[in-house]
Amino acid sequence: VQLQASGGGLVRAGGSLRLSCAASGLDFSINAMAWFRQAPGKQRELVAAIFNNANTNYADSVKGRFTISRDNTKNTMYLQMNSLKPEDTAVYYCHAFKAPGYWGQGTLVTVSS
C-alpha cells in the first residue's frame, strides 16, 4: 500500500489550500480514509475522516472550514482547507484504515499571520 500526499505549502491566514492523497495497493473504494496533522511539539491528531459510504467526520477545530472528499475512480482523497488560521500549521498526513493502518509521507502546511 502506498499513499502519496501533496498540495501543502505556504499560505496567508484566511487563504485556502487543497491537499490530495493518491492511494495504490488497496481497494480504495471500500476503505475508510482520513487526514491527520501534527504540529511542532504536539501529538498527531485526526482532522477529518471519510468512510466508504461517503459519511464524514471532522475535528471541531476545522468544522465549517475544511471539507474532506474522495474520488473512487481516481483512488484519491482530498482535503479542501478554507479560512486557514496560523494554528492550522502542521504536517498533514493521509491515512488508510486498512489493517495494520497505512500512512502517507506527510505534506507541510504553513499558515502565516
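Numbering of residues begins at 1 and proceeds along the displayed sequence.
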Subject >> Nearest-0.5 Å distance, CG of residue N72 to CG of residue N52 >> reply: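 Going from the CG atom of N72 to the CG atom of N52 covers 9.0 Å.
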Original post:
Measuring from Q4:CD to T107:OG1, what's the distance to the nearest 0.5 Å?
Top reply: 9.0 Å
At their closest point, which heavy atom of [X] faces which heavy atom of [Y], and how far apart are they?
{"X": "S16", "Y": "Q80", "answer": "CB-NE2, 4.0 Å"}
{"X": "T76", "Y": "S20", "answer": "CG2-CB, 4.3 Å"}
{"X": "A13", "Y": "S113", "answer": "CB-CA, 4.3 Å"}

Original post:
Could you give all pairs that pass the disulfide (SG to SG under 2.5 Å) test and reach residues 56-88, with sequence neighbours left out?
Top reply: none
**OP:** Sequence neighbours left out, what pairs pass disulfide (SG to SG under 2.5 Å) with at least one residue falling in residues 7-111?
**Re:** C21-C94
Original post:
Is the CD atom of Q2 crowded by more than 12 outside heavy atoms at less than 6.0 Å?
Top reply: no
**OP:** Kindly give the cluster partners of M77, where membership spreads through any ILVMFWY side chain lying under 4.5 Å from a current member.
**Re:** V1, L3, V11, L17, L19, L26, F28, M33, W35, V47, I50, Y58, V62, F66, I68, L79, M81, L84, Y92, Y102, V109, V111
Original post:
Under a single-linkage rule joining Ile, Leu, Val, Met, Phe, Trp and Tyr whose side-chain heavy atoms are separated by less than 4.5 Å, which residues share a cluster with F36?
Top reply: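 Members alongside F36: L46, V91, Y93, F97, W103, L108.
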Original post:
Taking only residues two or more places apart in sequence, or in another chain, which ones meet D60 in a side chain to side chain donor-acceptor pair (under 3.5 Å)?
Top reply: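 Testing D60 for side chain to side chain donor-acceptor pair (under 3.5 Å), a comparison that skips the adjacent residues, returns K63.
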Original post:
Where the side chain of Q105 meets the backbone of A5, is there a donor-acceptor pair that is under 3.5 Å apart?
Top reply: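 Yes.
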**OP:** Taking salt bridge (Lys or Arg N to Asp or Glu O under 4.0 Å) as the test, write out the residues that go with E45, two or more places apart.
**Re:**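 Salt bridge (Lys or Arg N to Asp or Glu O under 4.0 Å) check on E45 returns R37.
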Original post:
Heavy-atom distance under 4.5 Å between the side chains of D71 and S69, does that happen here?
Top reply: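 The answer is no, as the side chains (C-beta and beyond) never meet within the 4.5 Å cut-off.
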